[in-house]
K.L.:
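I am attaching a structure below and will ask some questions about it afterwards.
Not measured: the values here are computed from a predicted model. Only this structure's heavy atoms are used, side chains among them; waters, hydrogens and symmetry mates stay out.
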Amino acid sequence: MEYRLRMKDIPINERPYEKLEKYGSEILSNAELLAIIIRTGSTNETSVALAQRLLSLGANDGNLVFLHDLSVEELRKVKGIGKVKAIQIKAVMELSKRVSTSLIMSTRVIIKSPVDVSTLLMEEMRHLKKEVFKIILLNTKNHIIKYINVSVGSLNASIVHPREVFSEAVKAGCSGMLLAH
C-alpha cells in the first residue's frame, strides 16, 4: 500500500495557507510562500517540500533571483513541477518585477544623478538576456516624462538609429534625454 502525503496530514498551525491567514504573509518562509503559489505537491511530497527542493537549486543565501532566470522548460525539469506550476512561478516572478518597477514610477521621479537612473531601471533590466537600448525623456525640472525601449538586440549588441531616438524625444517635447543600455 502506497502512502500519499497530503497537507491534511500536517497540523493546521504548520500549513502555509492557514499561517498566512492567521499571522500574515511576513512570517512565512520563502518555501511556504512558493508552496502557496504552486498549490500542490506530488504523491510523495507536500507543496512545501517541493518548494524547498526547488529553492535548493539556487544560492544558499536565500536569494530568489535565480527563479527569474529559469525558463518554463528549466522549471519543468524539476520533478514535481509541471507546465502549470512552472507557468505560475514565472507569472509571479514577472509580477514581482512589475510591482517593483511600479513602486519606483508611482512617485514623481527626479533624475539628479546616475544613481537615480540605476535605481529606476535596474530592477527591470537586471534579468534581461539581450541588450536593450532605452531612452529616458525628461522635462525642464528633470522629472521623467516617460522611458521607452528603442531597440532590442542580441546578447551583447543593439543597433540603434538616431532617427528612432530623436523622433521619440521630439514627439514628447522633452527638454532632456538620457540613453541607457
K.L.:
For L155, enumerate each residue passing the side chain to side chain contact (heavy atoms under 4.5 Å, CB included) test, keeping only those at least two apart in sequence or located in another chain.
P.N.:
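If we apply the side chain to side chain contact (heavy atoms under 4.5 Å, CB included) test to L155, skipping adjacent residues, there are no hits.
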K.L.:
Do V84 and L75 belong to the same hydrophobic cluster, where Ile, Leu, Val, Met, Phe, Trp and Tyr are linked whenever their side-chain heavy atoms lie under 4.5 Å apart, directly or via other members?
P.N.:
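Unlinked, V84 and L75 end up in two clusters.
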K.L.:
With sequence neighbours excluded, what pairs up with S71 under the side chain to side chain contact (heavy atoms under 4.5 Å, CB included) test?
P.N.:
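In terms of side chain to side chain contact (heavy atoms under 4.5 Å, CB included), with neighbours along the sequence ignored, S71 is linked to E73, E74.
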K.L.:
For the hydrophobic clusters of this structure (ILVMFWY residues joined by side-chain heavy atoms under 4.5 Å, transitively), does one cluster hold both L20 and Y23?
P.N.:
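They do share one cluster, since a chain of ILVMFWY contacts under 4.5 Å joins L20 to Y23.
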K.L.:
Which other residues belong to the hydrophobic cluster containing F166, where Ile, Leu, Val, Met, Phe, Trp and Tyr are joined when side-chain heavy atoms lie under 4.5 Å apart, directly or via other members?
P.N.:
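Members alongside F166: F133, I135, L137, I145, I148, V150, V160, V165, M177, L179.
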K.L.:
Give, for atom CD1 of I36 and atom CG of L28, the distance between the pair rounded to the nearest 0.5 Å.
P.N.:
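Rounded to the nearest 0.5 Å, the CD1-CG separation comes out at 5.0 Å.
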K.L.:
List the atom of Q52, the atom of A31, and the distance in Å for their closest heavy-atom pair.
P.N.:
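Where Q52 meets A31 most closely, the heavy atoms are CG-CB, 3.4 Å.
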K.L.:
Between L138 and I110, does the side-chain contact (heavy atoms from CB on, under 4.5 Å) criterion hold? Intermediate values first, please.
P.N.:
CA-CA 9 Å; L138 306 171; I110 300 172; over 6 Å; no
K.L.:
Is there a side-chain contact between P16 and V48 (heavy atoms, below 4.5 Å)?
P.N.:
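Of all side-chain heavy-atom pairs linking V48 with P16, at least one is under 4.5 Å.
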K.L.:
Which distance, rounded to the nearest 0.5 Å, do you find between the CD of E21 and the CZ of R15?
P.N.:
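Here the rounded value is 12.0 Å.
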K.L.:
Do I144 and M125 land in one hydrophobic cluster if side-chain heavy atoms of ILVMFWY residues count as linked below 4.5 Å?
P.N.:
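Same cluster.
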K.L.:
Closer than 4.0 angstrom, basic N to acidic O: yes or no for E14 and K19?
P.N.:
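No, this pair does not count.
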K.L.:
Judged by atom type as modelled, is there a donor-acceptor pair below 3.5 Å linking the side chain of N149 to the main-chain atoms of S151?
P.N.:
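Side chain of N149 to backbone of S151: no pair is present.
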K.L.:
So how far is it from H68 NE2 to I89 CD1, rounded to the nearest 0.5 Å?
P.N.:
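Rounded to the nearest 0.5 Å, the NE2-CD1 separation comes to 12.0 Å.
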K.L.:
Measuring only between side-chain heavy atoms, which start at C-beta, is L178 closer than 4.5 Å to K134?
P.N.:
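Sidechains of K134 and L178: no contact.
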K.L.:
Can you list everything that forms a ring pair (Phe, Tyr, Trp, His ring centres under 6.0 Å) with H181? Sequence neighbours excluded, please.
P.N.:
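In terms of ring pair (Phe, Tyr, Trp, His ring centres under 6.0 Å), with neighbours along the sequence ignored, H181 is linked to no residue.
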K.L.:
Could you list the residues that satisfy side chain to side chain contact (heavy atoms under 4.5 Å, CB included) with V72, not counting sequence neighbours?
P.N.:
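Scan of V72 (side chain to side chain contact (heavy atoms under 4.5 Å, CB included), adjacent residues dropped) gives R76, A86, I87, K90.
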K.L.:
If only side-chain N and O atoms count, and only distance matters, is there a donor-acceptor pair under 3.5 Å linking S175 with T140?
P.N.:
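Per modelled atom types, T140 and S175 side chains form no pair under 3.5 Å.
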K.L.:
Hey, does L128 have a side-chain heavy atom less than 4.5 Å from the side chain of V152?
P.N.:
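V152 does not reach L128 side chain to side chain.
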K.L.:
From K85 NZ over to L34 CG, what is the distance, rounded to the nearest 0.5 angstrom?
P.N.:
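CG of L34 is found 10.5 Å from NZ of K85.
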K.L.:
Looking at every non-hydrogen atom in both residues, tell me the closest pair between A157 and E131 and how far apart they are.
P.N.:
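Residues A157 and E131, closest heavy atoms: O-CB, 3.5 Å.
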K.L.:
To the nearest 0.5 angstrom, please state how far the CD atom of E164 sits from the CD1 atom of I159.
P.N.:
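Spacing of CD (E164) from CD1 (I159) equals 10.0 Å.
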K.L.:
For a 4.5 angstrom cut-off between non-hydrogen side-chain atoms, does Y17 reach E32?
P.N.:
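Y17 vs E32: side chains apart.
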K.L.:
Hey, are E45 and K79 close enough for a salt bridge, meaning a charged N less than 4.0 Å from a carboxylate O?
P.N.:
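The answer is no: the pair does not qualify as a salt bridge.
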K.L.:
Decide if atom NZ of K129 counts as having more than 12 heavy atoms of other residues, nucleotides or ligands within a radius under 6.0 Å.
P.N.:
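Result for NZ/K129: enclosed.
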K.L.:
Name all residues meeting the side chain to side chain contact (heavy atoms under 4.5 Å, CB included) criterion together with L57; count only those two or more places apart in sequence or in a different chain, and write none if there are none.
P.N.:
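Per chain and number, L57 pairs via side chain to side chain contact (heavy atoms under 4.5 Å, CB included) with L54, F66, V78.
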K.L.:
Please round to the nearest 0.5 Å and tell me the distance separating atom CG of L70 and atom CE of M93.
P.N.:
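These two atoms lie 10.0 Å from each other.
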K.L.:
Look at the side chain of T119 and the backbone N and O of V115, then say whether any donor-acceptor pair between them is shorter than 3.5 Å.
P.N.:
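Yes; at least one donor-acceptor contact below 3.5 Å.
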K.L.:
Contact between Y147 and L121 at the side-chain level, heavy atoms closer than 4.5 Å - yes or no?
P.N.:
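Contact flag for Y147/L121 side chains = yes.
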